[in-house]
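Notes follow once the structure below has been shown.
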Amino acid sequence: MIKTKIFADIVACLKKLDLKYNDNFTVEIPNVKEHGDFSTNAALINAKLNNLKPHDLALKIKEIMQKGKNYKSIDIAGPGFINFKMANSVFHRNLIQIVNDKNNYGSSNYGKRQKILLEFISANPTGPLNVVSARAGAYGDSLARIMNYIGFDAFKEFYVNDAGNQVDILGESMELRYRELHGERLDEFPEEAYHGEYIKDLAAQLSVIDGSKLFHIAEKDRLERMQNFALEAIHNMQVISLNGFDVQFDNWMSEKKLRAEGMLEEALSYLAEANCTYEKDDAVWFCSSQFGDEKDRVLIKTDGNPTYLVPDIAYHLTKYQRGFDVLIDVLGPDHHGHVSKLKAAMLALEMDISKLEVVYLQHINLIQDGEAVKMSKRAGKIVTLDDLIDEVGKDAARYFFVNRKPNAHLDFDLKLAKKKSSENPVYYCQYAHARIASILKKAKKEKITLKDFNTKNLKRLDKEIELSIIKKMLELPTILNACADHREPHRLAVYVHELAGLFHRYYGKYTIVDAKHKELSQSRLYLISAIMNVLAITLNLLGISAPEKM
RNA sequence: GCGCCAGUAGCUCAGCUGGAUAGAGCAACGGAUUUCUAAUCCGUAGGUCUGGGGUUCGAGUCCCUGCUGGCGUGCCA
């Protein structure tokens, strides 16, 4: 990395000058070209320490560093910034490195094999996945891919709420549709039941298997049969939808299973042992107000059933027990009230709360004809993940969702997304990749190959945009690290778009394959195949395909 | 009321641990195709970064405060 090399050079320089220094200065790529390839605030940061004016310190540093061959020029500007222009050979050497790294370029041990549990989507198993889940899926999966690429052990988990109130309602909804199928007339379908067409389908499927024999067994058994059938079918639907979205989980954690294994009782007993529970009004309470929550919360309701909080505490307890270093919960914005309760419980159980991170994904507004579409799973008015993939395609959907930072609202204009035209930025990125593939084919036809390529040819890569492209590609590791550190994969999406943009500009300005200038062509081919490789790597990390043809 | 999140170009959004002249895409306008894919490129125009105060060499970025919007504040999950 050039940046770290410059940083080290500056430190060496400060030492040589026998100055005090603080190493919290930075080496950055300035956003104005005139300020050089790289820039540092080292003199600004360290001037005071040595009773010097920033500008004077900058001068001293410049004098020493100028002797190095790697720098084309060193200038002092503004209040004391030092701007570096690097020799072309520095970029060329780094380009060779990128090419040699092949499809591992950018991967590293940055994560030091830290174990990360990434829980996302965790939609209720009571219906098909909707666009909110799509956003969570694109986000979580991309983040996991990036983290794993740079040396973390990221583990993807989907928590299935397959027990509790909403599952009872699911069973009852099935029962009603089932009765309907068998000739019973329903005066009206209850508002709280699930209205989606898929319930009718499931009831019909069950009817084919079991016929009318379910009427002859006990109500409790019948409801259980209905529930389990629906749960399994819906789970399978969700898995298939996610496969179509290129999202796969390492584990599906079942709440029902947690209950069966006695995890709820275990969690409750731990809380009781910690003297954090008490009885009042025929219910069992958790004194969460002692741990930063606004007020105490009910754990066991008057009817003897646990509230949703209990299985969630139990679930998070297992996260800790499984030895992860960091737990990341990806949640909707409507859950932030819930997190304070959960964190209170983890505190009460003396868990390391700093390990538990919550990322809130903000809501999505679906815009149709300029108006927000209201969605409700119970009323059956949802736009499903499958619909979305059918309409705009997997690649566009994933790009769209991962292209913005998690805690920003997202307006999804269905009409625009359906257009499937050049307005969609994902095509822009993919097209760059396809274009390069096409140029490489043409080069083959023209019999210009890299066989007799000599690295000396790289000297011919001296155009400003060529050096900019190399510089951009060298930024990849920094971008990936930032994505992981901030849990913000959208930075990579922005990056791909920028890199694709540079290539398109390059293509427009210069001819790559030119039979009359074989060596020049070879040099440029070398460069664009590196670009193609970086595009493929980054698109893949975002779960987007990199087509050879479009 | 209290809590969380957001407010950047007409629209949708970027802006890396504070850095120099705030950037893209779309929309608008004007150009480029005997050409390696025009799903592209070049140019023009568009801004009091929600208002105010503070911190410092320096603030879209950090702190305080006002305003606006979304969400939360269940013995629902």
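All chains are named by letter (A, B, ...) in the order of the sequence lines, taking the proteins before the strands, and each is independently numbered beginning at 1.
- Residue-level contact check: A:Ala77 touches the bases, meaning some heavy atom is under 4.0 Å from a base atom.
- Not a single donor-acceptor contact under 3.5 angstrom links the side-chain atoms of A:Asp168 to the base of B:A77.
- Heavy atoms of A:Thr478 sit nowhere under 4.0 angstrom from any nucleic acid atom.
- To the nearest whole angstrom, the two C1' atoms, one in B:G53 and one in B:C67, are 15 Å apart.
- Contact annotation: A:Lys301 reaches the phosphate of B:A77 (side-chain N/O to OP1 or OP2, under 4.0 Å).
- In this structure, A:Thr277 contributes its side chain and A:Phe286 its backbone to no donor-acceptor pair below 3.5 Å.
- Heavy atoms from other residues, nucleotides or ligands lying under 6.0 Å from CG of A:Asn305 number more than 12.
- At the phosphate of B:G74, OP1 or OP2 sits under 4.0 Å from a side-chain N or O atom of A:Lys295.
- Nucleotides B:A32 and B:C11, compared at atom P, are 31 Å apart to the nearest Å.
- When distances run from any side-chain atom of A:His335 to the nucleotides B:C36, B:G74, B:A77, the shortest one goes to B:A77.
- If you measure from atom CG of A:Asn124 to atom P of B:A77, you get 10 Å, rounded to the nearest angstrom.
- Among the heavy atoms of the strands lying under 4.0 Å from A:Lys405 are primed sugar atoms or P, OP1, OP2 only; no base atom is included.
- Using a 4.0 Å heavy-atom cutoff across all strands shown, A:Ser39 reaches at least one base atom of the nucleic acid.
- Across all strands, A:Val513 comes closer than 4.0 Å to base atoms (heavy-atom distances).
- Closest-nucleotide positions on RNA chain B for A:Gly164 and A:Arg297 were compared, and the one nearer the 5' end corresponds to A:Arg297.
- Using a 4.0 Å heavy-atom criterion, one finds that A:Ala443 contacts no nucleic acid atom at all.
- For A:Tyr427, counting side-chain heavy atoms from C-beta on, the closest listed nucleotide (B:C36, B:A39, B:U40) is B:A39.
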Next item on the list: Report the secondary structure of RNA chain B in dot-bracket form, marking unpaired bases with a dot and bases paired to a different strand with |, and treating Watson-Crick or G-U pairs with both distances under 3.5 Å as paired.
Entry: (((((((..((((.....[...)))).(((((.......))))).....(((((..]....))))))))))))....
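- Between B:C36, B:G19, B:A77, one nucleotide has an atom nearer to the side chain of A:Thr307 than all others, and that is B:A77.
- Base contact: A:His336 has a heavy atom under 4.0 Å from a base atom.
- Comparing B:C41, B:A39, B:C75 by their nearest atom to the side chain of A:Arg505 picks out B:C41.
- In this structure, A:Arg524 does not reach the B:C36 phosphate: none of its side-chain N or O atoms is under 4.0 Å from OP1 or OP2.
- Ring planes of A:His335 and A:His338: perpendicular class, angle over 60° (limits at 30 and 60°).
- The nearest whole Å value for the distance from the CG atom in A:Leu492 to the C1' atom in B:A14 is 14 Å.
- Under the stacking definition used here (centres under 5.5 Å, planes under 30°), the residue A:His497 fails to qualify as stacked on the base of B:G25.
- For the pair A:Tyr495 and B:C16, the criterion of a side-chain N or O lying under 4.0 Å from OP1 or OP2 is not met.
- Taking 4.5 Å as the limit, some side-chain heavy atom of A:Tyr159 sits within range of a side-chain heavy atom of A:Leu258.
- Between the side chain of A:Asn46 and the main chain of A:Asn22, a donor-acceptor pair closer than 3.5 Å is present.
- Rounded to a whole angstrom, the distance from the C1' atom of B:U48 to that of B:G72 is 34 Å.
- Residues A:Ile479 and A:Pro306 both approach RNA chain B. Their nearest nucleotides, taken by heavy-atom distance, put A:Ile479 toward the 5′ side.
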Notebook entry, point to check: What do the steps show when you test A:Lys319 against A:Glu119 for side chain to side chain contact (heavy atoms under 4.5 Å, CB included), and what is the final call?
Noted result: CA-CA 10 Å; A:Lys319 291 189 180 184; A:Glu119 182 208 336; 2.7 Å; yes
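- In the model, A:His316 has a side-chain atom that pairs as donor or acceptor with a side-chain atom of A:Asp329 under 3.5 Å.
- Between the side chains of A:Asn161 and A:Gln166, no donor N or O sits under 3.5 Å from an acceptor N or O.
- A:His490 has a side-chain polar atom (N or O) that falls below the 4.0 Å cut-off from OP1 or OP2 of B:G15.
- The phosphate of B:C36 has neither OP1 nor OP2 within less than 4.0 Å of any side-chain N or O from A:Lys444.
- Judged by distance alone with a 3.5 Å cut-off, no donor-acceptor contact links the side chain of A:Ser438 to the base of B:C36.
- Rounded to an integer number of Å, the gap from CZ of A:Phe38 to C1' of B:G19 is 17 Å.
- Distance A:Ile465 CD1 to B:C42 P: 8 Å, rounded to the nearest Å.
- B:G18 and B:C2: their C1' atoms are spaced 31 Å apart (whole Å).
- Atoms NE2 (A:His338) and C1' (B:C76) sit 12 Å apart, rounded to a whole Å.
- Separating the CD atom of A:Gln362 from the P atom of B:U12 is a distance of 16 Å, rounded to the nearest angstrom.
- Put simply, the side chain of A:Glu28 never gets that close to the backbone of A:Phe38: no donor and acceptor are under 3.5 Å apart.
- For B:U12, the OP1/OP2 oxygens have no side-chain nitrogen or oxygen of A:Arg404 closer than 4.0 Å.
- One atom, CG of A:Leu342, and another, P of B:G3, lie 21 Å apart when rounded to the nearest Å.
- Contact annotation: A:Asn407 reaches the phosphate of B:A6 (side-chain N/O to OP1 or OP2, under 4.0 Å).
- Taking 4.0 Å as the cut-off between side-chain N and carboxylate O, A:Glu466 and A:Arg524 count as a salt-bridged pair.
- Ionic pairing of A:Lys471 and A:Glu475 is not present here: no N-O contact between side-chain nitrogen and carboxylate oxygen is shorter than 4.0 angstrom.
- Comparing the same atom, C1', in B:A14 and in B:U56 gives a spacing of 27 Å after rounding to whole Å.
- Rounded to whole Å, the distance from OH on A:Tyr428 to P on B:A14 is 19 Å.
- Taking the P atoms as reference points, B:G60 lies 16 Å from B:U55, given to the whole Å.
- For B:U17, one of the phosphate oxygens OP1 or OP2 lies less than 4.0 angstrom from a side-chain nitrogen or oxygen of A:His486.
- Within 4.0 Å (heavy atoms only), A:Asp312 reaches no atom of the nucleic acid at all.
- Of the candidate nucleotides B:C36, B:A20, B:A77, B:A77 has the atom nearest to the side chain of A:Lys341.
- The C1' atoms of B:A22 and B:G58 are separated by 15 Å, rounded to the nearest whole Å.
- Nucleotides B:U34 and B:A28 are separated by 25 Å at their P atoms, to the nearest Å.
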